[in-house]
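Shown next, in structure tokens, is the structure this report addresses.
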Amino acid sequence: MDADVIVIGAGLAGLVAADEAANRGRKVLLLDQEAPQSLGGQAFWSLGGLFMIDTPEQRRMGIRDSLDLARNDWMGSAQFDRPEDENPRKVSEAYLEFAAGDMRPWLRGLGMRWFPVVGWAERGGALAHGHGNSVPRFHITWGTGPGVIAPFVARVQEHVKAGRITLKHRYRATALDVTNGAATGVTGDVLRDDNAVRGASTNRDIVGGFSLKAGAIVVTSGGIGGNHDLVRKRWPTDRLGTPPAKMVAGVPEYVDGQMTEVAKAAGAGAINEDRMWHYTEGLQNWDPIWPNHGIRILPGPSSLWFDALGNRMEAPFMPGFDTLGTLKRILQTGHGHSWFILTQSIIKKEFALSGSEQNPDLTSGKWLQVIKARLGAKGAPAPVEAFKENGADFVVAETLDQLVEGMNRITPDQPLDAAHLRGQIEARDAQIENPFAKDAQITAIRQARAYRGDKLIRTAKPHRILDPAHGPLIAVRLNILTRKSLGGLHTDLNAQVLRADGTPFDGLFAAGEVAGFGGGGYHGYNALEGTFLGGCLFSGRAAGRSV
């Protein structure tokens, strides 16, 4: 044998699995088709948010959380309804216990710290028993995505120096070897070296081959968001509607889902592959790193949201509430885009962009940088202002008529009527001074400002959109942005892969997005945010300990 364990994929889940296995004395081979500069995978580009329950950060912000409340939120969001959801449900229960217990002490012991203002993401679909977070639970790691992967990169590198882990970059697995029903090895191609910057496309020139044997194989190869053909193939048209003709990619090109197909060809079972998570607030990146590079807006609650036909979207399809419900609502128009209309006062206080590279202040982990960028700047944070100035999806104007002219210039195939928009905006503005307002979004803004974290850094003081004192006016064309697979390889609580008939696949394990973050889809139909990185940490740890 070449090793005790082979881990395929050096993203966050793979790093955690390799570290845990090496900690237990196992000799590990860690393979990745990308070059060393991409160690850590997709997690590097994330905002670093983690879903945790009843933490000191929450309590300091006056948030009362509990495992029971989080479980109610999770199950109301997951809506498990299939026989094959048995293991996903078990994994979700185990994750909730982890998020309320060992998770924070374990990560804090590795050196992680969190921004003190806990974010309130994915607020839900309006009913207490349904989708959404009842309280803020989104803990942003100091250092964002790089800060999440850093402890595990360091630990893996220590294992490499000690000879417990061997890293094999540019090793692309193309087949699993199966002997007497058990996974016993990996074969594949050695790709030519490539010094492209992290996240950029790399060559697929084959310079050799490999065949490696081990006692256990762990697949941690990620999802499908960079492969739009596969996204469309698995798209749940019956639930979400027809996939849009145009989407932007929220992940690098190498997030292509090919290792899932390799595992299935060897006999692995996969479930819930029609469950997926794509964002509705995507921008075309004016300074792209990977092909069709998209960036997501993390909006506060005040931007007015209009569909492609110019109709203001009704509750709960408001910024920050119900991602997949809003996706379905947008696609009902027959178009793949929608619009935010807002003011300079709103963009300054409420707009954030997802990703480590779009949040240099938080990525730096330095308070002074955050204060300068978020509280001391005259305009919005510099990355947001750069998009406003350079982004193909932004229109800035002094008057609404000028704004609509600009919107129609960038969407000539679906022009908007200025009078129709004006009527809806003026109706909303007329409610802003009314303490008994019937407008659901105004009520949501007031609720957000009742939480001091939102009032401090995420929610603008309510004002009329057409008030020139808060101008200029800004319109943002929003694209569908592909991101996460919610289903995947079927695993049990120990991260062992199951065959299509539900029996264990000896020697084969999976963790991270390729396994639906655990179990074959521990989110069910909806995610509560912070549960993607959290799922990689949890399932990677389970796999590393099991092998």
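All values below come from the heavy atoms of this structure, side chains included, with hydrogens, waters and symmetry mates left out.
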Set out, in order, the CA-CA distance, both residues' side-chain angles and the distance that settles side chain to side chain contact (heavy atoms under 4.5 Å, CB included) for Phe509 and Val5, then state yes or no. CA-CA 10 Å; Phe509 299 79; Val5 181; over 6 Å; no
Is a donor on one side and an acceptor on the other found under 3.5 Å between the side chain of [X] and the backbone of [Y]?
| X | Y | answer |
| --- | --- | --- |
| Trp45 | Glu357 | no |
| Thr166 | Leu29 | no |
| Asn359 | Ser354 | no |
| His139 | Arg137 | yes |
| Asp32 | Ala10 | yes |
| Trp290 | Ala249 | yes |
| Glu513 | Ser485 | yes |
| Asp194 | Asn203 | yes |
| Thr55 | Gln58 | yes |

Can you name the closest pair of heavy atoms from [X] and [Y] and give their distance?
| X | Y | result |
| --- | --- | --- |
| Thr323 | Thr280 | O-CG2, 4.0 Å |
| Ala22 | Val28 | N-CG2, 4.1 Å |
| Leu39 | Arg198 | O-NH1, 2.9 Å |
| Arg275 | Gly524 | CD-O, 3.3 Å |
| Phe152 | Met112 | CE1-CE, 3.9 Å |
| Ala268 | Leu508 | CB-CD2, 4.2 Å |

Throw together a table of side-chain donor-acceptor distances under 3.5 angstrom for residues 540-547, partners on residues two or more places apart or in other chains.
| residue | atom | partner | partner atom | Å |
| --- | --- | --- | --- | --- |
| Arg545 | NE | Glu20 | OE1 | 3.1 |
| Ser546 | OG | Asn494 | O | 2.7 |
| Ser546 | OG | Ala542 | O | 2.8 |

Is any side-chain heavy atom of [Y] closer than 4.5 Å to one of [X]?
| X | Y | result |
| --- | --- | --- |
| Tyr522 | Asn87 | no |
| Phe351 | Ile297 | yes |
| Leu537 | Leu50 | yes |
| Leu107 | Val148 | no |
| Arg123 | Asn133 | no |
| Pro243 | Val231 | no |
| Gln358 | Pro381 | no |
| Trp235 | His228 | no |

Would Arg24 and Asp4 satisfy salt bridge (Lys or Arg N to Asp or Glu O under 4.0 Å), going step by step from the backbone distance to the final call? CA-CA 11 Å; Arg24 285 155 180 73; Asp4 299 313; over 6 Å; no
Test side chain to side chain contact (heavy atoms under 4.5 Å, CB included) on Leu528 and Trp74 and set out the steps. CA-CA 7 Å; Leu528 289 175; Trp74 190 291; 4.2 Å; yes
Less than 4.0 angstrom from a charged side-chain N to a carboxylate O is my criterion; do Glu34 and Lys168 meet it? no
When rounded to the nearest 0.5 angstrom, what is the spacing between [atom1] in [X] and [atom2] in [Y]?
| X | Y | atom1 | atom2 | answer |
| --- | --- | --- | --- | --- |
| Leu498 | Thr491 | CG | OG1 | 7.0 Å |
| Arg164 | Asp19 | CZ | CG | 9.5 Å |
| Tyr254 | Arg172 | OH | CZ | 15.5 Å |
| Asn285 | Ile295 | CG | CD1 | 4.5 Å |
| Leu327 | Glu281 | CG | CD | 10.0 Å |
| Phe138 | Glu57 | CZ | CD | 14.0 Å |

Residue Lys246 excluded, over 12 heavy atoms near NZ under 6.0 Å: yes
Count the heavy atoms of every other residue, nucleotide or ligand shown that sit under 6.0 Å from CG of Asp81, and state whether that count exceeds 12. yes
Is the [X]-[Y] ring centre distance short of 6.0 angstrom?
| X | Y | value |
| --- | --- | --- |
| Phe532 | His523 | yes |
| Trp106 | Phe538 | no |
| Trp142 | Phe115 | yes |

Quiz: residues 207-225 side-chain donor-acceptor pairs under 3.5 angstrom, not counting sequence neighbours:
| residue | atom | partner | partner atom | Å |
| --- | --- | --- | --- | --- |
| Lys213 | NZ | Asp177 | OD2 | 3.3 |
| Thr220 | OG1 | Ile8 | O | 3.1 |
| Thr220 | OG1 | Gly9 | O | 2.8 |

Pairs involving residues 248-262, ordered by first then second residue, that meet salt bridge (Lys or Arg N to Asp or Glu O under 4.0 Å) (sequence neighbours left out): Arg234-Glu261, Glu261-Lys264
Applying salt bridge (Lys or Arg N to Asp or Glu O under 4.0 Å), which residue pairs with at least one partner in residues 496-508 are found, sequence neighbours left out? none
Is it true that His159 and Asn23 share a donor-acceptor pair across their side chains at a distance under 3.5 Å? yes
Please name all residues satisfying side-chain contact (heavy atoms from CB on, under 4.5 Å) with Ile271, sequence neighbours left out, ordered by chain then number. Glu84, Pro88, His490
Report all side-chain donor-acceptor pairs from residues 92-102 shorter than 3.5 Å, counting only partners two or more places apart or in another chain.
| residue | atom | partner | partner atom | Å |
| --- | --- | --- | --- | --- |
| Ser92 | OG | Arg89 | O | 2.7 |
| Glu93 | OE1 | Arg71 | NE | 3.0 |
| Tyr95 | OH | Phe51 | O | 3.1 |

Could you go through Arg204 and Leu191, starting from their C-alpha distance and side-chain angles, then the distance that decides it, and tell me whether this counts as side chain to side chain contact (heavy atoms under 4.5 Å, CB included)? CA-CA 6 Å; Arg204 291 295 180 261; Leu191 304 178; 3.9 Å; yes
Checking Arg170 against Asp193 for the side chain to side chain contact (heavy atoms under 4.5 Å, CB included) test, could you report, in this order, the C-alpha distance in whole Å, the side-chain angles of both residues, the deciding distance, and whether it holds? CA-CA 7 Å; Arg170 304 297 284 162; Asp193 288 342; 4.0 Å; yes
